[in-house]
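Whatever order the structure lists them in is the order used to number ligands and atoms, beginning at 1. In this text, all values refer to a predicted model and were calculated from it rather than measured experimentally.
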Amino acid sequence: MTTGISDNTVMMFAIHDALRRDAAHLARAVERQDMDDPARREAFLIGWEVFKRQLRHHHEGEDVNLWPLIRTYLPARDEENALLNAMEEEHERIDPLITDVDTALRNSDSGWLAEATVTFRQELFAHLEHEERDAVPLMEAVLTPQDWKAFSRTQRKDAGVKGAREFFPYILDEADPERAAQVTRLLPPPLRILVRRAWQPRYAKMNRWN
Ligand SMILES: [Fe+2]
């Protein structure tokens with residue numbers, strides 16, 4: 001079985017897919033305009049909180065641990081450094097758009113919320129596409145297997161058990177079956193069992209978005 005994506009970057013594509021999936025959930029929930037219903041509103045807020053947490057954790061991990069690591073291989077390569085600068089700038093542009101959605105929600109302003117959601121989603125999708133098109137090939141070209149292992153280890157350490165308990169079900173939820181199988185195959189067997197038997201069922205009970 002092959003997904004055409006290397007084992008090094010499959011986690012990256014899996015989290016990007018999950019972020020796109022949740023951006024679509026967000027857009028659909030906002031379009032329905034049924035936030036007056038307390039149960040709908042609660043489900044929406046749970047979905048949105050998980051989405052924000054995963055997005056921020058992903059961007060922070062790249063800003064703190066991934067781009068600096070790639071830069072160590074690029075002392076005199078202006079074009080590649082400019083690309084990494086663009087990645088950081090795009091993350092910075094997305095942050096206030098998250099706040100904008102939050103402020104619109106707090107003000108129960110459906111017009112503002114609809115507009116803020118469209119802008120946030122456009123910016124996020126453009127960034128993910130840019131990263132996959134240009135930054136992922138750069139990562140693949142310069143990072144060694146040891147670098148990838150170290151990056152995964154740091155991400156796991158930063159997230160802790162609590163973070164991992166949410167992260168794995170999050171990226172596997174509604175995932176493309178082949179991509180999910182590749183991700184699962186990379187997990188150490190005890191973790192794989194924990195994800196399947198405990199973390200995914202627990203996550204499935206959460207009423208997110210609807
Ligand atoms: Fe990414």
Under 3.5 Å side-chain donor-acceptor pair for Thr99 and Asp102: no
Which is the closest N/O/S atom of Glu62 when seen from the Fe ion (ligand 1)? OE2
Less than 3.5 Å apart, any donor N or O on the side chain of Trp209 or Asp22 sitting next to an acceptor on the other? yes
Other residues, nucleotides and ligands only: do more than 12 of their heavy atoms fall within 6.0 Å of CD on Glu42? no
Can an N, O or S atom be found in His16 less than 2.8 Å away from the Fe ion (ligand 1)? yes
Ring centroids only, cut at 6.0 angstrom: are Trp48 and Phe120 within range, meaning strictly under it? yes
Tell me which N, O or S atom from Glu131 is the closest to the Fe ion (ligand 1). OE2
